[in-house]
Amino acid sequence: MLDIKLIRKDRPAFEKGLARRNGTYDLGPLMEAEERRVAMQSELDGMRARLNEVSGEIGKLMREKKDATAIKAEMKGLSDSVKERETAYRAVENDITALALMIPNVPDASVPDGKSEEENVVVRSWGEPRQFTFTPKNHQEIGETLGILDLKRAAKISGARFALYRGLGAKLERALISFMLNTHTANGYEEVLTPFLVNAKSMTGTGQLPKFEEDLFKIEGGEYYLIPTAEVPVTNIYADEVLDGADLPKKFCAYTPCFRREAGTYGKVTAGIIRQHQFNKVELVKLAKPEDAMAELEALTADAEGILQKLELPYRVVALCTGDMGFASAKTYDIEVWLPSMNRYVEISSCSNFTDFQARRAGIRFKRDAKAKPELVHTLNGSGLAVGRTVVALLENYQREDGTVEIPKALRHYVGADSIGK
RNA sequence: GGAGAGGUGGCCGAGUGGUUGAAGGCGAUGGUCUCGAAAACCAUUGUGCGGGAAACCGUACCGGGGGUUCAAAUCCCUCCCUCUCCGCCA
């Protein structure tokens, strides 16, 4: 959510920022409602002041055993109209909230302009795509041949876009989760294990609701949503709290499964386990002081990259352009890993600075010192990494001509094997 | 699932329907004292919104929502959450 007070001060700046995104966002209805709200509040406050004053006088009269019937009757009228106006005021407030929740974050000045992912900017690359002396297979073929991936039976159990890992495949997935969490905790992130079902308030706090409900799985009965990312439960850990500025930045890492409807993606990658309704992910989340947030984004991205470096997987980092950035983000880097079967880089992590956008929705604040006013923190997160896609990258990049797969050195003692198959 | 108790300021904890934004304690902050510290003492100490350059003024908030009343932390309804006991269960 954007800062309505700030919009009031400099509306053109916000309009310019929003215009850089895809889609058009009209601040008109929001600000008109806000103007109405302010006028209504002045009026209401005045009425309530009068009511409070006279009520005090009535109290005095009653204690002195004097008659207050007439003045009571008069106040009944005022009291009733206050209630009427309060109802109208609440309606306007609700309108404002509903409108404000649908407006995306303003892109940071450093974000490149652009309409679509075509215009994202490659920031850096690491590692060289391997030159194969044979035709590399895709991960599905490798995995099924090795008996570590059984998508047919996953489809039988659940349906399309689900995975069944077996044997060393299952162990590889588990090993990666441990490896990632251990790496991140060594870098100062606190490991947390969160609920995988959350309420609507948490989803609203991070921005999945109300606008993107169709992307989410909702539990029948209406109480809970399955998390689409650990970002939701982790960012909301300190919702409606005031943190001590000395404790910032807060750094968390968390493993969770992620559940996504993937509605409207029928045309997109269907082969293998690239795009699933359920996948595992290790997430990094930070709560930072505003002035530190951009530097923390760089550091967080580097921490995510560290995993790929240890696994010796070639990747590149891309700065998303304004047209490709997510709803809540002010700046996003995608990390893309090289996939031989597709002969291109594919997203394996997305690292974003949400500035105060989520913090305002979720009510996450901090105090610089004991006397200071509370301020909104800035929130950040990034995948560190998507585990399923890491398996894909490992299988494809480390495949041998004989169909076996080497396990990268950093992972061997987690898996307890040097290779898969043989 | 059955029975009961409770949700008040950063924390603990009072609170008879009317000078209660809320006693008291702890903590925190500033000060006095001290070579310094501790202790003691004094003072200050919530958040949102509106107005104001500011001092400050107004208003709302005692789990959420609704109601009764001139007036609600206090009464009523409802929802949520926490705790205790019994049952069941990973």
Side-chain angles (χ1 to χ4, degrees), chain A residues 1-10 30-101 193-205 209 219 221-225 233 236-248 250 257 287 356 358-377:
Chain A
M1 201 156 68
L2 301 177
D3 185 345
I4 295 180
K5 272 191 185 170
L6 268 185
I7 299 177
R8 221 155 52 185
K9 281 199 189 119
D10 190 2
L30 174 65
M31 299 318 286
E32 282 153 30
E34 169 67 4
E35 265 176 55
R36 252 182 299 141
R37 185 193 70 77
V38 170
M40 287 169 91
Q41 188 187 339
S42 298
E43 189 192 18
L44 245 179
D45 280 358
M47 291 167 80
R48 288 200 274 226
R50 164 90 179 136
L51 197 60
N52 287 341
E53 190 190 337
V54 178
S55 287
E57 285 166 18
I58 293 175
K60 206 179 290 176
L61 287 177
M62 303 288 282
R63 258 173 279 129
E64 291 167 1
K65 307 269 192 243
K66 290 182 183 160
D67 178 60
T69 325
I71 195 164
K72 271 197 201 174
E74 188 190 324
M75 283 306 106
K76 172 69 175 164
L78 181 57
S79 173
D80 284 347
S81 59
V82 164
K83 267 167 205 163
E84 234 170 77
R85 306 292 173 104
E86 278 176 342
T87 306
Y89 182 81
R90 270 195 299 272
V92 173
E93 269 188 323
N94 290 340
D95 288 349
I96 290 171
T97 307
L99 289 166
L101 287 176
L193 185 58
T194 71
F196 302 153
L197 297 176
V198 300
N199 57 31
K201 184 173 182 291
S202 294
M203 286 291 190
T204 306
L209 288 179
I219 297 301
E223 295 273 355
Y224 302 114
Y225 294 85
N236 277 288
I237 287 174
Y238 288 111
D240 295 319
E241 293 192 37
V242 179
L243 296 160
D244 183 345
D247 295 337
L248 297 179
K250 291 268 185 194
L287 308 180
D356 61 9
Q358 294 180 325
R360 183 171 295 107
R361 290 171 162 242
I364 313 169
R365 299 181 295 172
F366 76 101
K367 277 185 171 181
R368 289 180 187 276
D369 57 72
K371 289 201 154 179
K373 284 272 169 200
E375 299 172 55
L376 293 167
V377 303

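Quick note on labels: first sequence line is chain A, next is B, and so on, each numbered from 1.
Applying the 4.0 Å criterion to OP1 and OP2 of B:rA71, one finds that A:Ser79 has a side-chain N or O inside that range. One finds a side-chain N or O of A:Lys76 lying less than 4.0 angstrom from the OP1 or OP2 phosphate oxygen of B:rU69. A sub-4.0 Å separation between OP1 or OP2 of B:rC49 and a side-chain N or O of A:Lys5 is present. Distances shorter than 4.0 Å separate none of the side-chain N or O atoms of A:Arg50 from OP1 or OP2 on B:rC70. Contact annotation: A:Arg90 reaches the phosphate of B:rG66 (side-chain N/O to OP1 or OP2, under 4.0 Å).
To the nearest whole angstrom, the two P atoms, one in B:rA37 and one in B:rU20, are 39 Å apart. Spacing between B:rU44 and B:rC56 at atom P, rounded to whole Å, works out to 13 Å. The C1' atoms of B:rG9 and B:rG63 are separated by 14 Å, rounded to the nearest whole Å. Between the P atoms of B:rC75 and B:rU8, the separation comes to 16 Å (whole Å). Atom name C1', nucleotides B:rG25 and B:rG15: the rounded distance is 15 Å, in whole Å. Across the C1' atoms, B:rG46 and B:rA22 are found 12 Å apart, a figure rounded to whole Å. Nucleotides B:rA90 and B:rA5 have their P atoms positioned 31 Å apart, rounded to a whole Å. Separation of the P atoms belonging to B:rG66 and B:rU29 is 39 Å when rounded to the nearest angstrom.
A:Asp369 contributes a side-chain N or O that, together with a main-chain N or O of A:Ala372, makes up a donor-acceptor pair within less than 3.5 Å. Remark: the backbone N or O of A:Met40 is not paired with any side-chain donor or acceptor of A:Arg85 at under 3.5 angstrom. A donor-acceptor pair under 3.5 Å is formed between the side chain of A:Thr204 and the backbone N or O of A:Ala200.
Set against B:rU69, B:rG50, B:rU59, the side chain of A:Asn52 has B:rU59 as its closest nucleotide. The side chain of A:Arg37 sits closest to B:rC49 out of B:rU59, B:rC49, B:rG51. In the set B:rC70, B:rG50, B:rC49, B:rC49 carries the atom at the smallest distance from any side-chain atom of A:Tyr89. Taking every side-chain heavy atom of A:Pro374 into account, B:rU47 is the closest of B:rG18, B:rG50, B:rU47. In the set B:rU47, B:rC70, B:rA71, B:rA71 carries the atom at the smallest distance from any side-chain atom of A:Lys83.
For A:Leu376 against A:Phe366, the heavy-atom pair with the smallest separation is O-CE2, 3.6 Å. Annotation for A:Gly205 and A:Asn236: closest pair CA-OD1, 4.3 Å, computed over non-hydrogen atoms.
We find that CZ of A:Phe366 is positioned 14 Å from P of B:rU47, with the value rounded to whole Å. A straight line from CD1 of A:Ile364 to C1' of B:rU47 spans 17 Å, rounded to a whole angstrom. The separation between A:Glu375 atom CD and B:rG48 atom P is 11 Å, rounded to whole Å. In this structure, the NZ atom of A:Lys60 is 19 Å from the P atom of B:rA71, given to the nearest Å. When the C1' atom of B:rG46 is taken as reference, atom CG of A:Asp240 falls 15 Å away, rounded to whole Å. Regarding A:Asp45, its CG atom lies at a distance of 14 Å from the P atom of B:rG52, rounded to whole Å.
Residues A:Met31 and A:Ile4 meet the side-chain proximity criterion, which asks for heavy atoms closer than 4.5 Å.
Defined by atom type and a distance below 3.5 Å, a donor-acceptor pair is present between the side-chain atoms of A:Asn199 and A:Ser202.
Between A:Arg48 and A:Asp45, at least one side-chain N (NZ, or NE/NH1/NH2) sits under 4.0 Å from a carboxylate O, which counts as a salt bridge. The residues A:Arg37 and A:Glu34 are annotated as salt-bridged, a charged nitrogen and a carboxylate oxygen being separated by less than 4.0 angstrom.
Heavy atoms of A:Lys373 sit under 4.0 angstrom from primed sugar atoms or phosphate atoms, though from no base atom. Backbone-only contact: A:Val38 has heavy atoms under 4.0 Å from sugar-phosphate atoms and none from a base.
In RNA chain B, runs of at least 3 consecutive Watson-Crick or G-U pairs, each pair with both distances below 3.5 Å, span B:1-7 with B:80-86, B:10-12 with B:24-26, B:27-32 with B:40-45, B:46-51 with B:56-61, B:63-67 with B:75-79.
With the nearest nucleotide of RNA chain B identified for both A:Arg8 and A:Ile58, A:Arg8 has the one nearer the 5' end.
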